[in-house]
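Quick notes on the structure that follows.
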Protein chains: 2
Amino acid sequence: MTGRGSGEQVTIADVARHAGVAASTVSYVLSGKRTISATTRGRVLASVRALGYHPNAGARALASRKANVIALVLPLRTGMQVPVVMRFATAVVTTARRYDHDVLLVTADEGPAGLHRIAGSALVDGVLLMDVELEDSRVPLLRELALPGVLIGHPADSTGLACVDLDFRRAGELCVEHLAAAGHRRIALLGAPAAVYDRGTGFAHRTRAGVVAAAGRLGVDAVTRPCEEGPAAVRRDLAALLAEHPDVTGLVVQNESAVGPVLAALPLLGRRVPQDVSVVAICPDELAEPSGLTCVPVPAEEVGRQAVTLLMRRLRDEPVPEVTLLEPRLTVRDTSG
Amino acid sequence: MTGRGSGEQVTIADVARHAGVAASTVSYVLSGKRTISATTRGRVLASVRALGYHPNAGARALASRKANVIALVLPLRTGMQVPVVMRFATAVVTTARRYDHDVLLVTADEGPAGLHRIAGSALVDGVLLMDVELEDSRVPLLRELALPGVLIGHPADSTGLACVDLDFRRAGELCVEHLAAAGHRRIALLGAPAAVYDRGTGFAHRTRAGVVAAAGRLGVDAVTRPCEEGPAAVRRDLAALLAEHPDVTGLVVQNESAVGPVLAALPLLGRRVPQDVSVVAICPDELAEPSGLTCVPVPAEEVGRQAVTLLMRRLRDEPVPEVTLLEPRLTVRDTSG
DNA sequence: ACGGGTCGTCGAAGCGCTTCGACGACCGCG
DNA sequence: CGCGGTCGTCGAAGCGCTTCGACGACCCGT
């Protein structure tokens, strides 16, 4: 039994009285900001437990000027890469709790105004920004508000910020290295939709660069080609690719929505997997695993953990690297050989 | 320009000084809890805007004893019906903002302890509990803590609580009614995994009851059968079902992970859709829509909205119904006729 | 013209916590 | 044996806000 079930809030004064000390002493025991004798500390902690004391968040925030809450700004506009976001959110919450922080959920569609509100009201100590665009209006705002923030992905100008992302260039290289090691000499990248490249989105360009670089280094041919979304479009783009380059035997796919259709369409195009064509994808592992697809997973949990860790460091005013790239790993399954 | 970009917090005293009134007057203007002359109000609001004032959340929470934050307890343990959860969360955040509340994200794996912490620290005013089990340890705790809460789904004993859920019984009826109206006389329900029924999970039982009841009422045959997860298992269970009941022409599927495999497997089992067999699913619309599947969608947004609305009502100490069932609607597409 | 209501505003008292300065008690050193 | 220096604890002063009671000013009816 934790003393009292429900009822009125237990205050620090209650604990102090129960332990026979001053309220400030209780505070110091709990924060460890001053030395307290072992006996007193023991008595206080016992009282805390006996009364089921939890410090009042509002009062604490007011007095200490820190909320112990961070905001997670998610691209909740429907139609995103949902499972990844979810796993990411889980990791963020879990990690934040480990640092004794809670997580406030904010939707991206509140936009810059949301950041203003949150910063102005001191609701949170810092912000995790997902789904950052190359020229994101919230990024300069973050700088201006002096609101500690960590970005997932990275914008064009990342000076003075902290960004976490998968090292997509390395991911591209990894795929090519794997295929080359398996003996493939003609490789193709079936990439993101053309619009994504045109927008100059970082991850797509970096992956392509990695593929091309690795191919050059290893002396294999590599062609790259955008790929539109939707089963029909994927089939069309894949067919076109194979028509132009019929001798391709290694395929890198970086387009979540293309994974399924590609695997379905290859046999129809006369290519058995992996006998005729090896397929490697850069996509969430959930998507790859059930199909036995060799892939470089997007490590959502790891990104979440890293992001929180960086933010905590910033909150302590410790220096953090501007860009943190996560090392990709390739999981070999049945579609490559 | 909103006055000052970054820098120190603007307090209510700053606004009061700027407007030439007392701080309490500013407070009353903002809360509307006392009548204030139009001229004064105008002056105050102008100052608020000029200075870019946002009330300090901690101070406000401390003084008013309400945090203006609600907790959303999500089943973030990986492997849930992810897209639904996501849309639900979006709706919750958006609706909560409309009531001037923010949303704290809590993972279910913090369990009862998390509720204790949150309640004890007055971090939130109320709780939205998702993924409620029939005998959920958090439910009695909610009662004991006198923490206003709204449940998504409903537990065995819902007295004194507020629950929101899709009316699954009605959903089951709806599916049967639709199939019967199309002339089908032998109908099968391919349901949740057996374990789900064994756990006594409400929605599965209620759906089955609805199917059986409607079939009885309409004088059609209905068989029901659990269905395990995973493409292979689904194929097996479906094949078994059709072997035992080869004359089934109407199929109700209530198992997200089964939808794709069922549609893929039916042709292989010699059944064309919808010529030989009509298929109706109870599943997220995203899943059904791309396949042209007739379905009763799970209205995640609507549930989220309702849940927040109910919670807000509870926070205002207004009476709320113990159980709120959402009327299911059936969307006719290509797989039934 | 005067008492009784509003109406609009103000000042002060907290809400529960952190933090700063103060201050005994006790230590070891010369 | 007395003096400076920790060490451990306390009291008080806010943090920025809401809210309560008070109190002029004004309007009404008579």
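The sequence lines fix the lettering, A, B, ..., with proteins before strands; numbering per chain opens at 1. Just so we're clear, the structure is a prediction, and the values are computed from it rather than from any experiment.
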To the nearest Å, give me how far apart CG (A:Asp14) and C1' (C:dG16) are.
10 Å
Spacing of B:Lys66 atom NZ relative to C:dG16 atom P, expressed in whole Å:
15 Å
Quick check on D:dC10: is either OP1 or OP2 less than 4.0 Å from any side-chain nitrogen or oxygen of A:Thr25?
yes
Rounded to the nearest 0.5 Å, how far apart are CG of A:Leu151 and CG of A:Leu142?
6.5 Å
Less than 4.0 angstrom between a side-chain N/O of A:Lys33 and OP1 or OP2 of C:dT19, yes or no?
yes
Starting at CZ of B:Arg17 and ending at P of D:dG16, how long is that distance when rounded to a whole Å?
11 Å
Rounded to the nearest 0.5 Å, the CG atom of A:Leu104 sits from the CG atom of A:Asp125 at a distance of 11.0 Å
Between C:dC10 (P) and B:Tyr28 (OH): distance, integer Å:
12 Å
Taking CD1 from B:Ile12 and P from D:dC15, how many angstroms apart are they, rounded to a whole number?
14 Å
What is the nucleic acid contact for B:Ser64, judged by heavy atoms within less than 4.0 Å: base, sugar-phosphate only, or nothing?
sugar-phosphate
Nearest-nucleotide comparison on DNA chain C, the residue closer to the 5′ end among A:Ala63 and B:Arg43:
B:Arg43
Does any N or O in the side chain of B:Arg41 come within less than 3.5 Å of the main-chain N or O of B:Ile36, such that one atom is a donor and the other an acceptor?
yes
Rounded to the nearest 0.5 Å, what separates atom CG in A:Leu72 from atom CG in A:Asp102?
12.5 Å
N/O contacts under 3.5 Å, protein versus nucleotides 6-8 of chain C?
from, atom 1, to, atom 2, distance (Å)
C:dG8, OP2, B:Thr35, OG1, 2.9

Any donor-acceptor N/O pair, A:Arg87 side chain to A:Glu301 backbone, under 3.5 Å:
no
For B:Ser47 versus B:His18, what's the shortest heavy-atom pair and its separation?
OG-ND1, 2.7 Å
Side chains of A:His54 and B:Ser121: do they bring a donor and an acceptor to under 3.5 Å?
no
For A:Arg60 and D:dG14, what is the distance between atoms CZ and C1' respectively, to the nearest whole Å?
18 Å
Short side-chain N/O contact to C:dC17 OP1/OP2 from A:Ser27, under 4.0 Å:
no
Against the side chain of A:Asn56, the closest entry in C:dC10, C:dC17, D:dG16 is C:dC17
For A:Thr11, report the nucleic acid contact type (base, sugar-phosphate, nothing); a contact means any heavy atom under 4.0 Å.
sugar-phosphate
From NE2 of A:His54 over to P of C:dC15, roughly how many Å is that when rounded to an integer?
21 Å
Between C:dC17 (P) and B:Leu62 (CG): distance, integer Å:
9 Å
